Amino acid sequence: MKPPTYDIAIMGAGPVGSALALMLAAKSREPDRIALIGQQFSVAPAVRSGAGATPDPRTLALNQGSRVLLEQIQAWPMESADIRTVHVSQRGRLGRTLIEHAELNVPRLGSVAAYDAVLRSLHHAVERSGITLIDGAPPQHVHGGCVRFEPDSGSAFSSRLLVQSDGARPRGLERQYDQHALLATVRAARPRSGWAYERFTRQGPLAFLPHPHGEDLYSIVWCSPPDEAQRRIEQEDDAFITELQASFGDRLGQLRNVGVRHVFPLSLHAGPSLVNPYTIAIGNAAQTLHPVAGQGLNLGLRDAAQLAQALAPWLVRPEEDAAPLMSAYARRRRADRWITMGVTDFLPRVFSTGNPLVEHAGGLALLAMDAFAPLRAPLARQLLQGLRS
């Protein structure tokens, strides 16, 4: 029987898949036996930035653990904005809390970087690594203990293991939030360096994140019912800013709209990490989350880091059966995945019930966390680095 062409094939060359490929390559004696498969290479940010191109509007809130990981694999982007303090509040109710980097003994809680910049840095690192890059998304199926790929053009190839990352919606748990996220960039008259804001409203959470392209710029993620989000994206700038200012307040002074607004639907999807004995799902292929607290990519990068660690011994002897290691990895990841999904699912729903008793209870909880550091420490550490095993 002809041996597999590759030891590991990673479907999806987004941030999580690319980071996993780099971590595996660092542990492998033959990086070219790791295949990174994705259509992103033909439309990389450097290409998309040409005349008439549309850059990705997203900015990414990466916690300190994710930043350290990307720095270790030499893929941290040149431009970023630090988050040292997170201000959490509830519109129309008493109660707020501050999460600060000093009490967690870290230089920052996290950083904000443009999606395109992060992906560009990762792809540049991948191109230097010796990993085999395959453009496209060929169909695959498990055959004889390995995964066989059959592209429409070119020769078929195979891999001992398959990692699904990005682009494949997980099947299992599903929740429709009846919310869309409106993305915008605003300029603040009185910016606060290193401060990020998470404000809960009856329609959904509203986040202000420091923007990597200017000290007075903020990236906005405003969650609301779909019809409200659509109405706001069609508003004139002055009307939009008036409504945004009313929801957020004057903490940063007068706001001004900058650039184009975008809308994305929100939902929760989660499936098993272990798809079959030779296929693992990580990142968006394992779970897609509500954007509150910016945990989606951070959770995906933890998936990748722990999978690379789990497979490190096998990479030395890839002819051995990796199924026990894959199964053990899935068990170890279960707690962190479900705690993070639970937090990001609970927060936007409980603060948007419209029930005054629930809202007052939420305000009291914020006051209690603000007054007693031990109460906010578990949440802060979960958001900072997740549950690691």
Side-chain angles (χ1 to χ4, degrees), residues 56-63 66 80-93 95-101 108-115 177 179-188 191-214 216-225 228-229 232-233 240-241 243-252 255 257-259 261-266 268 288-299 340 343-352 362 366 379-380 382-384:
D56 194 295
R58 290 172 291 177
T59 54
L60 301 172
L62 293 150
N63 64 28
S66 294
S80 63
D82 283 355
I83 298 175
R84 294 185 293 275
T85 301
V86 176
H87 180 286
V88 185
S89 64
Q90 183 181 193
R91 186 187 181 197
R93 301 292 180 190
R96 71 100 168 104
T97 191
L98 297 179
I99 301 174
E100 299 183 278
H101 70 101
R108 63 188 69 79
L109 295 173
S111 303
V112 182
Y115 178 92
Y177 289 109
Q179 288 185 351
H180 284 187
L182 185 149
L183 308 185
T185 303
V186 299
R187 193 178 303 277
R192 299 194 69 172
S193 177
W195 280 59
Y197 299 84
E198 188 80 64
R199 186 158 174 79
F200 292 99
T201 77
R202 285 187 172 181
Q203 290 190 334
L206 167 61
F208 274 57
L209 303 173
H211 199 287
H213 294 164
D216 60 346
L217 295 178
Y218 286 83
S219 180
I220 308 303
V221 184
W222 194 358
C223 301
S224 63
E228 285 293 293
R232 287 170 180 154
I233 202 171
F240 171 74
I241 287 297
E243 200 167 330
L244 177 63
Q245 195 95 55
S247 290
F248 181 72
D250 61 357
R251 294 173 180 81
L252 299 174
L255 304 174
N257 188 69
V258 178
R261 301 187 286 274
H262 303 267
V263 168
F264 295 91
L266 302 179
L268 166 68
T288 60
L289 311 182
H290 192 287
V292 65
Q295 289 301 294
L297 178 56
N298 294 298
L299 180 60
T340 305
V343 169
T344 58
D345 178 58
F346 174 77
L347 288 175
R349 291 193 299 116
V350 73
F351 280 102
S352 61
L366 290 175
L379 175 62
Q382 174 66 28
L383 300 180
L384 180 69

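Since the model is a prediction, treat every value here as computed from it, not as a measurement. Scope of the values below: all heavy atoms of this structure, side chains included, with no hydrogens, waters or symmetry mates.
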Rounded to the nearest 0.5 Å, what separation is found between the [atom1] atom of [X] and the [atom2] atom of [Y]?
{"X": "Q90", "Y": "R202", "atom1": "CD", "atom2": "CZ", "value": "9.0 Å"}
{"X": "S80", "Y": "H211", "atom1": "OG", "atom2": "NE2", "value": "12.0 Å"}
{"X": "L209", "Y": "I220", "atom1": "CG", "atom2": "CD1", "value": "7.5 Å"}
{"X": "T85", "Y": "I99", "atom1": "OG1", "atom2": "CD1", "value": "10.0 Å"}
{"X": "R84", "Y": "E100", "atom1": "CZ", "atom2": "CD", "value": "11.0 Å"}
{"X": "D216", "Y": "Y218", "atom1": "CG", "atom2": "OH", "value": "8.5 Å"}

State whether the side chain of [X] and the backbone N or O of [Y] hold a donor-acceptor pair below 3.5 Å, judged by distance alone.
{"X": "E198", "Y": "V86", "value": "no"}
{"X": "R261", "Y": "R232", "value": "yes"}
{"X": "D56", "Y": "R58", "value": "yes"}
{"X": "N63", "Y": "G294", "value": "no"}
{"X": "D250", "Y": "L252", "value": "no"}
{"X": "Q245", "Y": "L255", "value": "yes"}

Legend entry - Pair S219-T59, side-chain donor/acceptor within less than 3.5 Å: yes
With heavy-atom distances below 4.5 Å as the criterion, would you say the side chains of [X] and [Y] are in contact?
{"X": "L183", "Y": "V221", "answer": "yes"}
{"X": "Q203", "Y": "S247", "answer": "no"}
{"X": "L268", "Y": "L289", "answer": "yes"}
{"X": "Q179", "Y": "P291", "answer": "no"}
{"X": "D345", "Y": "Y177", "answer": "yes"}
{"X": "Q295", "Y": "V343", "answer": "no"}
{"X": "C223", "Y": "L266", "answer": "yes"}
{"X": "W195", "Y": "L98", "answer": "yes"}

Legend entry - Minimum heavy-atom distance between I83 and P210, given as atom pair plus value: CG1-CG, 3.8 Å
Inset, instruction - Taking all non-hydrogen atoms of both residues into account, name the closest pair between N257 and V186 and its distance. - result: CA-CG1, 4.4 Å
Inset, instruction - For R192 and H87, run side-chain contact (heavy atoms from CB on, under 4.5 Å): C-alpha distance rounded to whole Å, both residues' side-chain angles, the deciding distance at 0.1 Å, then the answer. - result: CA-CA 11 Å; R192 299 194 69 172; H87 180 286; over 6 Å; no
Inset, instruction - For the residue pair F248 and F208, categorise the inter-ring angle as parallel (less than 30°), tilted (30 to 60°) or perpendicular (more than 60°). - result: parallel
Inset, instruction - In sequence, state the C-alpha distance, the side-chain angles, and the governing distance for L206 and Y197, and then conclude on side-chain contact (heavy atoms from CB on, under 4.5 Å). - result: CA-CA 8 Å; L206 167 61; Y197 299 84; over 6 Å; no
